[in-house]
Every structure is written in structure tokens, then in C-alpha cells.
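A short worksheet on the structure shown next.
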Amino acid sequence: MAVENGTRGGGSGGDDINVQEEGTSKVNVEEAQNTPERNGDEQEASESEAEKKKTADQKVPYLKLFSFADRTDVWLMIFGIIGAVGNGLTMPYMTILLGELINAFGSNQDNNKETVDKVAKVALKFVYLAVAALVVAFLQVACWMVTGERQASRLRGLYLKTILRQDVAFFDKETNTGEVVGRMSGDTVLIQDAMGEKVGKFIQLIVTFIGGFSVAFYKGWLLTLVMMSSIPLMVIAGASMAVFMTKMASRSQNAYAKASTVVEQTIGSIRTVASFTGEKQAISNYTKFLVSAYKSGVFEGTAAGLGLGMIMLLVFCSYALAIWFGSKMIREKGYTGGDVINVIVAVLTGSMSLGQTSPCLSAFASGQAAAFKMFETIHRKPEIDAYDDSGKILEDIRGDIELREVNFSYPTRPEEQIFSGFSLSIPSGTTAALVGESGSGKSTVISLIERFYDPQAGEVLIDGINLKELQLRWIRGKIGLVSQEPVLFASSIKENIAYGKEGATLEEIRAAAELANAAKFIDKLPQGLDTMVGEHGTQLSGGQKQRVAIARAILKDPRILLLDEATSALDAESERIVQEALDRIMVNRTTVIVAHRLSTVRNADMIAVIHRGKMVEKGSHSELVKDPNGAYSQLIRLQEVNKETKQVIGDQNKAEITSTESLRQSSQRGSFMRSISRGSSVGNSSRHSFSVSFGLPTGIHDTALPDPEATPAKAAEDLPKISLLRLAALNKPEILVLLMGAVAAIVNGVIMPIFGLLLSTVIKVLYEPADEQEDDANFWSLMFVVLGIVGFLAIPARGYFFAVAGNKLIQRIRVMCFEKVVNMEVGWFDESDHSSGVIGSRLSADAASVRALVGDALGLLVENSASALAGLIIAFQACWQLAFIVLILLPLIGVNGYVQIKFMKGFSADAKAMYEEASQVANDAVGSIRTVSSFCAEEKVMELYKNKCEGPKKTGIRQGLISGIGFGVSFFLLYTVYATSFYAGSKLMEAGKATFSDVFRVFFALTLAALGVSQSSSFAPDSGKARYAAASIFSLIDRKSKIDPSDESGETIDDVRGEIQLRHVSFTYPLRPDVQVFKDLSLTIHSGKTVALVGESGSGKSTVVALLQRFYDPDGGHITLDGVEIQRLKLKWLRQQMGLVSQEPVLFNDAIRANIAYGKEGNATEAEILEASELANAHKFISSLQQGYDTAVGERGVQLSGGQKQRVAIARAIVKSPKILLLDEATSALDAESERVVQDALDRVMVNRTTVVVAHRLSTIKNADVIAVVKNGLIVEKGRHETLINIKDGVYASLVQLHTSASTV
């Protein structure tokens, strides 16, 4: 919450010191994560580079990961280890049985009766093995998964608990919401991975490795040694491929990152883009960045193919070596054929299992690294500790506050002294007001009293006792804080108020709401107190949020009340109500008020004027006014220049419009750069929607509004069937490439069955007489090498062709979708399903997964069909009876292969999604840590979090048991299939239906074909996901934009005069069809004149501006420009006639020059840019910046202060040289000084243009030609200021009265 800690009031230039941002805003996660905590001293970004290198090797010792295990976990882990060891021994034992089998067949070729007996014995051993495997495999998986889940969830809770007890400085400096939530969902998954099923897998693989080699050495040590010579090569090839793949993956991600920034910026500020017709520019930018993503994608595909091909070649070559040398051993050393095969298989199993340990090792490493930062945080003792129960507790406090000789600077900017030797005393029961300009340190006083920070020197005393000596929780319980941007949690109004007091009853909550003037509006809501407020309270208007926050403070019944700009963000009407509520509860309490608007502080017992961290004057209002040259009088004069400028900002009418904007922004993980902490003045201007700009990228918003139409998201669940033809048509230009890929895939598919054929032939060779054997062995070993070379050529070819086709398709789809999205009507973006985060992920992820349905699917299909066909032909040609038997049993082996692969990938991927809801709780709490700590609500948050975690934890444990059963059964099936098929083979031999080599030919051809199919299918991308993605993309492409800026049809008017008429307009926002905004609104705006719209919050003033630009179309009535209905005009042209300057100007993360040129679609000349910025009063401040017009403004313009941003926005609107100017609250978010400058600029540019001004502050519109008062969706009065002010009991007169009563200063 950028502004949670209070006045970020005006953007008086960039010298704003106290933008002490909440940790949230600085999501430069890379930097944050890599800076190890060091309490006390600051570390600036430059240093963090050095830190990065250090962090690289910071990990927790492995065993320490288990430090949160309880007794049950220890037992689970012991059984898990037993299971894993047992499971690891099954494979080596199987190789021994295989050797026995082959000998049984081979050595008794003449005596079939004996063969059957021997084979039956071995087959029985296979069955015993199967049963044992079932048990140990289950133990291994289930125990480890369950204990991993249990320990990880324990860790999550501990982490959140420690995060919540940290002092506020920790959040400013060390971390931010994005990071905490990332840690809780991401890092714990990594840690869970490192201490769950992967441990079992690792033990199993290592045991298999040791077992395999022991068997091999026992059966034939010489052959084993020879075979081992090829292992180092394979290890090197495998490892280098893995490293390369990870490098490539991150490269293609970076390549797309730039493009996704374009998406995020465009959609996040779609109103600005639409208003300045910047769609084309956005699309061309996006297209430009996609090219690099395409190139790296193709490269990645080819590289992966090469790596795999290389490994294939090495595998086949080592087979060749083993066969050649093994046959030699039979002739010279008296090995049997079974021994040779036994050794070969055992060495292969052993070395393969060693190769598969790498994912486990990398999981351990990343778990240790992830745990480092988490454990460090868990063990960190905050300097100001809310859980610390030591410290005094007094019977009661009177509420005297004194700051004595305080020195203070914010921990993020230690070199900027905010206070040096500051003193202030506030006697109990009195009201003290702190005034002064932005950045003078008013809010800092409040942070010190709340003890968010401790002063570097001096002391803060309450009732004469140093704050540090009192128990923190107790004293915070006596202090009530209401800040400018009240933070509400995403739960119901009732729960939000209950934060004030542990175990508050419903009566108390109601009474507090009454006192806070909130009961009336709460009762009007359909669910009353149970209404959900939405993420950060976006469902309520500013005034309503503020009153809920006040109720929360009242419930606490505090002795000391701190009001930090509690009414600044409201319009006059809401402000009066809130002010009344405050006046009621200030009685008999020590109150400290921070305010910009002097009118709110006149009745204070003492007013202290603070300037640059010094108190320059103090006294009551009447005393201070006597000195005409005093600081206070000057402040008043500054505000009087703007007449009764009531700095009424924030309005709800924005809350309507902004809440949708803000929903959108909230989905853009507040990527407010770290820069903030270096003092750029955000926050000042960023009152409104930015307060919302962080949140989960996923756009999880519980919209509390009753939504009559089912949201599209629901509809999306059962997406329409998508035609593959249509998808294929998108890939049409690459038809040739796809065909070449298919040929390569066929070659690829045949390799495995042919390998089976060679293997069975070789077994036969091992039992031949010596002289025949030598020649045959040499020939067949060569054939293995040839097979390897074929694979080496075919695999990369397939990889390359499909990568080209697939990446072209992705690129094409992304451009199509983005074009479509940019041209959607603005109302479409109001739905939370269409926030920039959601659409961004649609473009990045969905487009990529669609590729799986076309190119990749085709490749797999062709390859698998080739495999299956070749296998069947070989088998049936050898012995059809046995082929049938094996064929029936094969699916069982397939299941085994599939489960194995699934297991390799890990079962725990779903955990992340399940914890979304829980991390939402954490997200809210950390984002508003000041509110949490000020209300001592840490325990409450933990409760909520634990409840949300219960479900996922149970699911995780259940999943562990299921996966265990699946894993066990698959092993059981594998071994029983072996037993059956060999037994059947021996029976057939007895009956003379098959020869010895036929049996093995059938068996190997089919099992290897099946293995090939199941392996490649496991690489098969999830087609379900791809289907869903394709459907979501087509639904996007097929949706017609209701108001399409790319539509070239429509008229244009040659010489626009700028006459605007609204006749009988009725309108509701598409998201809230039950709230009528306009019922029958008529208004004429004459050419060249200035019309001002005034009215209460939510009356629909800003809606007029949105309708004029056709962000929305009215439900009824007509809007005309120069007599032509605006629906008939060409949309792009219409928007080019209008210049919009809004309350929260959106700047793009680019140079100032580019931001101004944006008004002319980016092709404004230097002269035009300079002229526009001169007019906008911006030239002076821009030239004074180091890089002048090339200064980057940062994301959303955070590097500039409010007033500066606003002037750049005005320059941008002027460059268009529009006929019509729309000023939507253009100065409301500024302090008096900036406002004067901006208002000057506006007065200059309004000359001779039709201007529509929306304002709260009546002073800004006194000179308008017509003032129209909007109330209840109608225009109730219009005329000049002089006329309207004299209507007795008129709406305008009473609005002015409201303002003046508050500010007849």
C-alpha cells in the first residue's frame, strides 16, 4: 500500500522525503532476494551486486531442512528409507533373474521338457519379486510425500508468523509482498521438493546403482570393467545436455519477457492507450519483440535434438562394444550367454539410475538455497518485536505524548535526516494538528508514536515513559490509527471492523459502525455487514472504506487517536460525514491529526507547523493567524490562492472508474521499482489506484458485486470444442517443414523396435559354436553402431523442423491475439478476468501450449505409429501366438512406464495451486503490515491462514497415499508380465511352435516398442491443457469488439467545431447493470466553451468523459459531435480530436520525450514536443533533469512527482492539438504548490478549445462558462458560478456551502 503510512499528500517536486514506502511497492525481487538481511545499516543497491555473488553459495546444511520435523515425521522418514532401499534392490535382482531365464532357454535348446521346468521356477521368482516391489514402492512414495507435505506446511506457518512480527523497517528495506508471497508459495514448494518424495527417489536410485554394479562384478568382472569405459562419455553428454537445456529455457523466457512488458503496460493503461489511439504502436512494438522469442525457440528445439541424438549414439555404441567383448569372453573365459546379458543389463540399470539422480540433486540444492533466506528470516529477531512480552504494562494511560530531541532518518535512506533535534509535546485529552508541506515529516511523527520505527537519538515518551520500555502489543492496543488510504482485508465488512478488538461481539461492531457514520450505508448493502469488500476494499467507495476503518479504530476504544490525512482522499460530501464521525470520537482522547487541508485542523487545541523536519511555529489557529508573515499564514495564503480549494480528492466516482482500473493494476504485481526507496515521490500522486497496485499477478479478485450474468470465466470451464482443422490452418504456411519433420519422426520411431530385433538376434548368437559366433558377433556389433548413427541424424532433424513450425505458430497466434485484445472496448477490461496479468499469461502460456496440438502432436503421432507398427510386424512375423499373449499384457507395462515418468517429474506440482487462497491471506497481511501491526492482528491473520491451509494439506497427504499405491502397483505389473510371457514362451517351445530366438524377438520387439511409445508420450505435452488454451485463444480471436478502434469505417468531419450534445442518455456500467449511472441526462457543450461537471462522488461526472471518448456506449439516448452521432464517426479519428488529462495520469516506462510524443502516435517532431511542454509548464522542470527529455520516467512514471507527471500528461494531450480537452480531476491529487503550476498550464491550453472539466474542488472551476451539477444521474442545475451560487437551496449552492463551511479559513 504505497500510502499506508499516511500523508503522501502533495507532489511538491521531487524533494519529497517522506515517501517511506511500504515494503510492497518495491518489487525488484531479484535485488531483494539477493540481499541478505543485515540489521541496522542500510545497503544501497550498488552494494547488492557484490551481495549477489555471495548469495549464490548460501545454503542451509541439508539435514537442517528437517529441523521442523515432529515424532510422526521421524517415523515416516524411517519407514520411507526402508522402503526406498528395498525398492532400489528390486532392479538388480531382476537382472539376475533375467540371466537365469536366458540360460534356462539357451542351454536346453534341445530338451524342451526341461526348459519348461526351469523357466517355471524362474517365473515364480518373478512373482515373489512383484509382491515385494508392491510393498516397498508404496512405503517409499507414500511416507516421503506425506512427511514432506507436513513439514512444508509447518514451515509456511512459521515463516508467515515471523514475517508478521518483523518491524516495519524490515519491510521497507529487506522485502516486499511479492517476495513474501513468492517465498511462501514458491520457495516452500522447492523446500518440500527437497525433503519429500525426491529423497526416497534418490535413495532408491543410489541403492540400484550400487546393487547393479555389485551384481555385474560378481557375474563377470572383466566385461563389467570394459563396459564401464563408456560410462564417463555418457555422463558427460547427459550432464552437458541438461546444463544446456536449462540455459536455453531461461534464454527463451528472457526473449519473451520484453514482449510481455509491452502487453502489461498496454493493458494496464488501456484507457490511455485508447484515448491516444496508441493501439498500432503497441502492436508494432510487440511484434518487434516477438522475433527474438522465435529465434531462441528454434535454437532450443534443435539443441535439445542434438543432445538427445548424441546420447542415443553413445548408448548404441556401448552396446556394440559389450556384445563384441562379451562373445569373446564366452569363447575364452567360459562365461555363459545368460551371464553376458546379465552383466550388460545390470551395468545399464546401475548407470541409468545414477544418471537419473540429477533432478533429485538439483532439487536438494534449490531447496537448500530457498531455505537459506527463509530460515534466516525465521531466526531473525526484529528490533521492535510485537511478540515480545517484556516491557511495562500500566493500569491505564492518560495519553500525554512527548517527542524529546528526536533524530530520525528512514532506514532506507539513512543519509536524509528527517528530524534532527525535533521536540513536540501533546498534553493528554487535547487535539494537536501537524501541518506543513509534503515531505516535511508530518507522517513520520505518527510512525514514531506507533513505534513503527525507533528514533536514532532522543526519545518518544507516553505519560513520561519511554515508548521502548512499554510492552509493544499493549501500547499499540491503546493507540488507534486511521490513515489516508485505509487498508481493508479481503473479507467481509464485519471481519474488517472486528480487527479492532479480539472477540468483539456483534453489538459492539454495530455500535462502532453507528459511531463511525457507517451503519447507514452498510444496511443499504444487500448482505449488510457480511458484504465482502474485495481485494484492498475495492468494492467500497473511498468514503465508505474510510468509515469502516474508523469503525475499526473506534472498536478498539483507544486513548490516543492518530489521524493521518484521514479525510484527504474524499469529496466534500463524504468528507463532511467522515469528519463528523471523527469529531464524535475525538472527545476525551489525545488526538494527533496530520493534514494538508488547513480547514480540517482549525478546531485543534494546538497546531504545529513543520517545515523540513523542524517545528517552525505552534499555537492555536487564532494565535497563528495573527502573525501575517508566519509559516501558518503563508500556508493558508497558498491554499487561498486557489480560493476555497478544498483539497478534496479521491472521490468515488473514481472509485467506480478507478476501481476497475485499480483492479487491473492490482493484477500487475506492483512492480514499483526499488527507486521509490531512493526518494522519488510516489505516493504523493499515487493516492488512488496505486494504493492498489500490487497483488497477485493472477488477478484473483472476489468480486462482491452480485453479478447477474455468469462471469465468462464460468462459461470458459466448458469451452466449445475446437476444430483441429482451424488450428492446422494457422500452421499452413509451414506445411513443407512439417512434412520433413514427419519423415524424421518416422525414422525415429522405427529405431526402438529394430533395436529389439538386434538384441534377440544377439542372444541367439551367444549360444552358437565358437567359429560361427565370432563372425556373427562382429557383424551385429557393427549394426548397433549403424543404428546409433541413424538416430544421431534423425533426432536433431525432427527437433529442428518441429521447432520452426511450432514457434512460427506461436508467434502468429500471439500477434493475432494481441491485436484483438488491444482493440477490445474498454468495458471488456473492467472484468477481472481481463486484467493485464491474466491476459499477459494467456498470451505467453496459452499461445505456447497451443503449439502442442499441431506440430508436436503430429510428430508424436507419426513417431508412435511407426514404433508400434514396426514392433508388431517383427513380433507377428516371428511367432504370432506369443505375440498375441504379449500384446494383451503390454498395456500393463505401458502403465508402468507412464507412472515411472510421472514420478520422475514429481507429484508435488499441484501443491502450488492449492495454496493460492492461503497465500492471498498472507498477501493481504504483508501488503498492509502497518495496519496489521497497528491493530496487533498478527494472531488473527495466522488463524485465518491456518484454516485456509487445512484443505490443501489434507489433499497433499491423500495424494501421497494415492501416488504410493500407483507406484507400487506399476512395479507389481511389470514383473508379473515378465513372468507370464516367458512362461508362455517356454510352453510354446515345448509344443514346437516357436524357437528360442523367436521367443526373445517377440518379447523385445514388443516391449521396446511399448517402451518407446510410453517414453515419448510422457514427453507429450498435456493435450488437455493445450485444448483449453486453444479454446481460450479462439474465443478471444472470435470475440467481436463492441467498440473497435481498428475499424476503419465511419465518417470524419472535415472541420471540427467541437459542439457536443448529450441527449437523454441512460447508462449503466456493463459490470454493474443494476446500478443506473445516468437515467436521462441531457447536456449541450458549445464549441470553444468550458463546461465543468460537479457533483458528489459517484454521481457519474467521470462517466461523461468516458462516454465522450466512446470507452463505453450509452444504453439509450444519443451523443453527437457537431451534430453527427459519435457512433457513426470513425472511432480512431474521434479519439484523436480529444485530449484527455486524467486524475492519475498513466505514463509509460520510457523517456519523457517518448511519453509526450505518444499523443501523436509517436511521430511528433522535436519542435512540437518542445512547444507542447512549454505550454504545459513542463519545459522548465524537464530541462533541469540530468538527461532532460531522455529521462526515463520509470514504471507508471514513478520517477516523477505528482505535479511533474501531471504536466507531462498535459503536454502529451496538447501534442495532439485536440479540438476538445477532457480534464478529469486533473489537479486533485496535488498539493497547493504543484496544483497552482498545473492549473496555470491548464488555463493556457484551454483557450479556444471545447473543454470538459470534471472536478471536486469548486475553486478550479469558478471561471467555467457553464457549470453543470450532476445528481442521481441527471443534470439538476446548470449556469455560471454567479447564477448558481444564488439559487436558494440549490444543489450547487449547498455544495459550495459544504466546502466553505469547511474552509472559511
Side-chain angles (χ1 to χ4, degrees), residues 265-283 653-654 656-658 660-662 664-665 688-689 821-830 836 1041-1047 1050 1052 1056 1058 1060 1085 1093 1101-1113 1119 1121 1126-1127 1129-1148 1150 1154-1164 1172 1176 1196-1197 1205-1226 1242 1245-1246 1249-1254:
Q265 282 205 0
T266 309
I267 293 166
S269 36
I270 190 71
R271 282 152 201 267
T272 309
V273 174
S275 172
F276 287 97
T277 60
E279 294 93 358
K280 283 250 171 18
Q281 227 177 313
I283 293 169
N653 166 29
K654 284 269 117 43
E656 279 187 11
I657 293 208
T658 334
T660 57
E661 274 286 6
S662 57
R664 195 136 348 101
Q665 279 152 340
H688 302 291
S689 30
V821 167
V822 177
N823 291 317
M824 286 294 181
E825 75 273 14
V826 172
W828 187 77
F829 294 96
D830 294 345
S836 67
S1041 173
K1042 299 198 180 96
I1043 307 174
D1044 186 356
S1046 61
D1047 185 5
T1052 57
V1056 182
I1060 301 174
I1085 301 170
L1093 302 172
K1101 311 182 291 292
S1102 301
T1103 309
V1104 174
V1105 172
L1107 287 173
L1108 287 180
Q1109 298 193 68
R1110 277 198 74 200
F1111 286 167
Y1112 303 95
D1113 280 338
I1119 302 176
L1121 169 64
I1126 60 173
Q1127 270 94 331
L1129 294 168
K1130 186 167 141 194
L1131 183 57
K1132 202 156 186 175
W1133 174 87
L1134 169 74
R1135 287 183 179 160
Q1136 277 157 354
Q1137 307 312 307
M1138 307 190 179
L1140 167 74
V1141 180
S1142 56
Q1143 164 190 23
E1144 275 294 347
V1146 176
L1147 300 184
F1148 294 98
D1150 205 337
N1155 267 301
I1156 296 178
Y1158 194 78
K1160 255 197 137 162
E1161 303 209 348
N1163 40 23
R1196 297 234 177 73
K1205 269 202 320 208
Q1206 203 52 286
R1207 282 174 284 170
V1208 171
I1210 293 171
R1212 174 172 69 185
I1214 297 166
V1215 160
K1216 280 175 119 162
S1217 59
K1219 287 285 183 300
I1220 301 165
L1221 256 189
L1222 308 174
L1223 307 178
D1224 188 356
E1225 291 272 354
L1242 290 174
V1245 298
M1246 277 155 62
R1249 291 196 165 97
T1250 309
T1251 310
V1252 180
V1253 184
V1254 169

task = Identify the two heavy atoms, one from Ile1214 and one from Pro1218, that lie closest to each other, and give their separation to 0.1 Å.
result = O-CD, 3.9 Å
inquiry  = Could you tell me if the side chain of Pro1145 sits less than 4.5 Å from the side chain of Arg1207, heavy atoms only?
reply    = no
query = Between the main-chain N or O of Thr1250 and the side-chain N or O of Lys1219, is there a donor-acceptor pair closer than 3.5 Å?
reply = no
message = Checking Lys1042 now: which residues fulfil side-chain hydrogen bond (donor to acceptor under 3.5 Å, both in side chains) with it, not counting sequence neighbours?
response = none
inquiry  = If the condition is side-chain hydrogen bond (donor to acceptor under 3.5 Å, both in side chains), which residues does Ser275 pass it with, not counting sequence neighbours?
reply    = Gln1109
ask   = From Tyr1112 OH over to Asp830 CG, what is the distance, rounded to the nearest 0.5 angstrom?
value = 3.5 Å
message = Is the shortest side-chain heavy-atom distance between Leu1108 and Ile1220 below 4.5 Å?
response = no
ask   = Which pair of non-hydrogen atoms, one from Ile1126 and one from Leu1107, has the smallest distance, and what is that distance?
value = CD1-O, 3.7 Å
inquiry  = The test is side-chain contact (heavy atoms from CB on, under 4.5 Å); show your working for Leu1147 and Tyr1158 and say whether it passes.
reply    = CA-CA 10 Å; Leu1147 300 184; Tyr1158 194 78; over 6 Å; no
task = For residues Phe276 and Gly1159, report the shortest heavy-atom separation together with the two atoms involved.
result = CD2-CA, 3.6 Å
message = Distance check, rounded to the nearest 0.5 Å: Arg1249 atom CZ versus Gln1137 atom CD?
response = 11.5 Å
note = Between Leu1134 and Leu1129, the two heavy atoms sitting closest are CD1-CD1, 4.0 Å
ask   = Taking C-beta and beyond as the side chain, do Ile1043 and Phe1111 meet within less than 4.5 Å on heavy atoms?
value = no
request  = Applying side-chain contact (heavy atoms from CB on, under 4.5 Å), run through Leu1140 and Arg271 and close with a yes or a no.
outcome  = CA-CA 10 Å; Leu1140 167 74; Arg271 282 152 201 267; 5.6 Å; no
message = Just to verify, what does Arg1110 make a salt bridge (charged side-chain N to carboxylate O under 4.0 Å, His left out) with, not counting sequence neighbours?
response = Asp1113
task = Indicate the atoms forming the closest heavy-atom contact of Ala1172 with Val1215, along with that distance.
result = CB-CG2, 3.4 Å
remark   = CH2 of Trp1133 to OG1 of Thr1052, rounded to nearest 0.5 Å, is 6.0 Å
key: Counterpart residues, side-chain hydrogen bond (donor to acceptor under 3.5 Å, both in side chains), relative to Asn823 (two or more places apart)   = Ser1046
key: Ser1041: partners by side chain to side chain contact (heavy atoms under 4.5 Å, CB included), with sequence neighbours left out   = Met824, Glu825, Asp1044
query = Under a 4.5 Å cut-off applied to non-hydrogen side-chain atoms, are Gln281 and Phe1148 in contact?
reply = no
inquiry  = Testing the basics here: between Val273 and Glu279, what is the closest heavy-atom pair and its distance to 0.1 Å?
reply    = CG1-N, 3.9 Å
query = Taking only residues two or more places apart in sequence or in another chain, which ones pass side chain to side chain contact (heavy atoms under 4.5 Å, CB included) with Gln1136?
reply = Thr277, Lys1132, Glu1161
